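To keep things clear, I will list the structure first and then write my remarks on it.
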Amino acid sequence: MLEIATIRNNAEEVKSRLAVKNFKDLHLVDDAITVDGKRRSIQLTLDDNLNKQNIIAKEIGELFKQGKKAEAESRKNDSASLKEKSKELEAELAKCEEELKDILVRIPNTPSKLVPAGKTPEDNVVVKQVGEIPTLPETAVPHWDLAKKYDLFDLELGVKITGAGFPVYKGKGAKLQRALVAFFLDHAIGAGYLEVIPPHMVNAESAFGTGQLPDKEGQMYYIGLDQFYMIPTAEVPVTNIVRDEIVDALPKKFVAHSPCFRREAGSYGKDVRGLNRVHQFEKVEIVQIAHPEKSYDVLDEMVKHVEGLLQKLELPYRILRLCGGDMSFGSALTYDFEVYSAAQKRWLEVSSVSNFETFQSNRMKVRFRDEQKKTRLVHTLNGSALALPRIVASLLENHQTNDGINIPTALQPYTGYVKIV
RNA sequence: GGUGAGGUGGAUGAGAGGCUGAAAUCAGCAGUUUGCUAAACUGCCGUACUGGUUAAACGGUACCGAGGGUUCGAAUCCCUCCCUCACCGCCA
């Protein structure tokens, strides 16, 4: 949610930036300013009214103390009409505030100046590409076939237990999950992140705070009986750690491993084969709460962190700077990481690292005190480091040989085996 | 699930219709003193909206878990809800 002051002071700038995101309802910017103006004028009269009431109340108190009962009684009448008016104004004000919030909530975050214009994933900019695209043996197969051959995970079994998109990992496949999680966590902890294990369900306030609500409820599983949402990413509970706080030391760095639950309504075809897109998966997420002037350095640091992981896993990867049209609603700048899946011969997204600037902190009221002791909104950032399924897919595919699948050296201490045979 | 107690500023904790945006203490910040550290002393020290100003100063309003109500006036009285704690029951 953009700050109303920002909109008020830089309306044209905001609009031209939103255009980069291909945002069509630019009139919402003007609407916000109009409603905000109305809101302020109502508040002004209301405050003035209440002030008069307060003065009268004090006077009556004085009169009673002096024993001037009759005078006090007559003074009471003066308050009645003011009080009625205040009630009306309060109702109007509440309506205005609600209206304003409804508008603000529909305006996406303004993209940073680095964001390229564009509409589709084709318009994303490849910032860099690292690693050799492997040439696989003739007999090479996609990961879902490898899973069958080596009994690593079972999608049909998941269908029986739950439904499509809920894999059951087995044996070395299960151990591989655990190994990757531990590997990712250890690296993040080594980089100064505080490990947390958050709840895997959140309430509506938390889902609103990071921007999942009000618009994206269709993407989350919902527990109606208790009004909880299954987390689509640890970003949601972890970022909400600081909700409604004035934080002292910046940056704050959190890392969390969690399962992620996504309904993925509308997905189909080759995109959902094997582990390419599933409803439940494991992910390690890094989150930083940063000083506004340092958040882009923090973003770079997080990008470097993710790169380091991919290099250690010996996977060819590329980094994309997302264009305006492909970015999420709340992000100001996003880098996507893709690894090459050699048997499928395609790039798979394994991480998305974003700076939300004040978009989330404004919703969550996360502030810090600046040098002048003024409270200011922090910047929030998060990124996957990393999401498991597609890492597993490319790991299996890229490192397959005729007599098994090799495990990267860095991962071997965690898997306890060097090869899947 | 049942019963009881309670939710006040960063923390502890007072207040029980007007003198309370809120005592006191601790923590924090600034300064004075002091061989160093420590201690002592002085001052400051909630948030949001808003008026005002180049910026401040200064001013208004709201907020004592949330939402309603009573009253000229509510942290304080009444109602509803939420949450926390304790004990019992159930249970990993």
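What you are looking at is a predicted structure, and each value in this text was computed from that prediction instead of being measured. Per chain, numbering begins at 1; letters A, B, ... match sequence-line order. Keep in mind that the numbers below use all heavy atoms, side chains included, and drop hydrogens, waters and symmetry copies.
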* **Nearest-angstrom distance from the residue atom NZ of A/Lys58 to P of B/A74** => 11 Å

* Asked: In whole Å, what separates the C1' atom of B/A56 from that of B/A38?
  -> 38 Å

* **Under 3.5 Å: donor-acceptor pair, side chain of A/Tyr417, backbone of A/Lys172** => yes

* Using the P atoms only, state how far B/U71 lies from B/G6, rounded to an integer number of Å. => 28 Å

* Should the pair A/Lys294 and A/Phe368 be classed as cation-pi, given the thresholds of under 6.0 Å to the six-membered ring centre and 45° from the axis? -> no

* Nearest-nucleotide pick for A/Asp47, side chain only, options being B/U50, B/G60, B/U47 -> B/G60

* Any side-chain N or O of A/Arg369 under 4.0 Å from OP1/OP2 of B/G28? -> no

* If each of A/Ile60 and A/Thr375 is mapped to the nucleotide of RNA chain B with the nearest heavy atom, which maps nearer the 5' terminus, i.e. the 5' end? -> A/Thr375

* Is there a donor-acceptor pair under 3.5 Å between the side chain of A/His379 and the backbone N or O of A/His291? -> no

* Asked: How is A/Ile246 classified with respect to the nucleic acid when contacts are heavy atoms under 4.0 Å: base, sugar-phosphate, or nothing?
  -> sugar-phosphate

* Structure fact -> Per atom distances to the A/Gln43 side chain, the nearest of B/G46, B/C49, B/G18 is B/C49

* Between A/Thr415 and A/Gln412, is there a donor-acceptor pair closer than 3.5 Å when you use the side chain of the first and the backbone of the second? -> yes

* Spacing between A/Leu100 atom CG and B/U50 atom P, to the nearest angstrom -> 10 Å

* Ignoring backbone atoms, establish whether A/Asn51 has a side-chain N or O less than 4.0 Å from OP1 or OP2 of B/U61. => yes

* To do: May I ask you to establish whether A/Lys312 and A/Phe183 are in a cation-pi arrangement, using a distance under 6.0 Å from NZ or CZ to the six-membered ring centre and at most 45° from the ring axis?
  => no

* Asked: When rounded to the nearest Å, what value does the distance between C1' atoms of B/A11 and B/U70 take?
  -> 35 Å

* To do: Remember a base hit wins even if backbone is also touched, and classify A/Leu50 as base, sugar-phosphate or nothing at under 4.0 Å, heavy atoms.
  => sugar-phosphate

* Asked: So what does A/Arg8 touch, heavy atoms closer than 4.0 Å: a base, only the sugar-phosphate, or nothing?
  -> sugar-phosphate

* C1' spacing across the pair B/U8 / B/A22, given as an integer number of angstrom -> 8 Å

* For B/U3, the Watson-Crick or wobble partner whose two distances fall under 3.5 Å -> B/A86

* Asked: B/C88 and B/A48: how far apart are their C1' atoms, nearest whole angstrom?
  -> 44 Å

* Asked: With a non-hydrogen cut-off below 4.0 angstrom, is A/Lys83 in contact with a base, only sugar-phosphate, or nothing?
  -> base

* Rounded interatomic separation in angstrom, taking CZ from A/Arg367 and P from B/G46 -> 14 Å

* To do: Answer with base, sugar-phosphate or nothing: what part of the nucleic acid does A/Lys52 contact at a heavy-atom distance below 4.0 Å?
  => nothing

* To do: Mind checking A/Asn54 for me? I need base, sugar-phosphate or nothing, with any heavy atom below 4.0 Å counting as a touch.
  => sugar-phosphate

* Is the distance from OP1 or OP2 of B/G69 to the nearest side-chain N or O of A/Lys87 less than 4.0 Å? -> yes

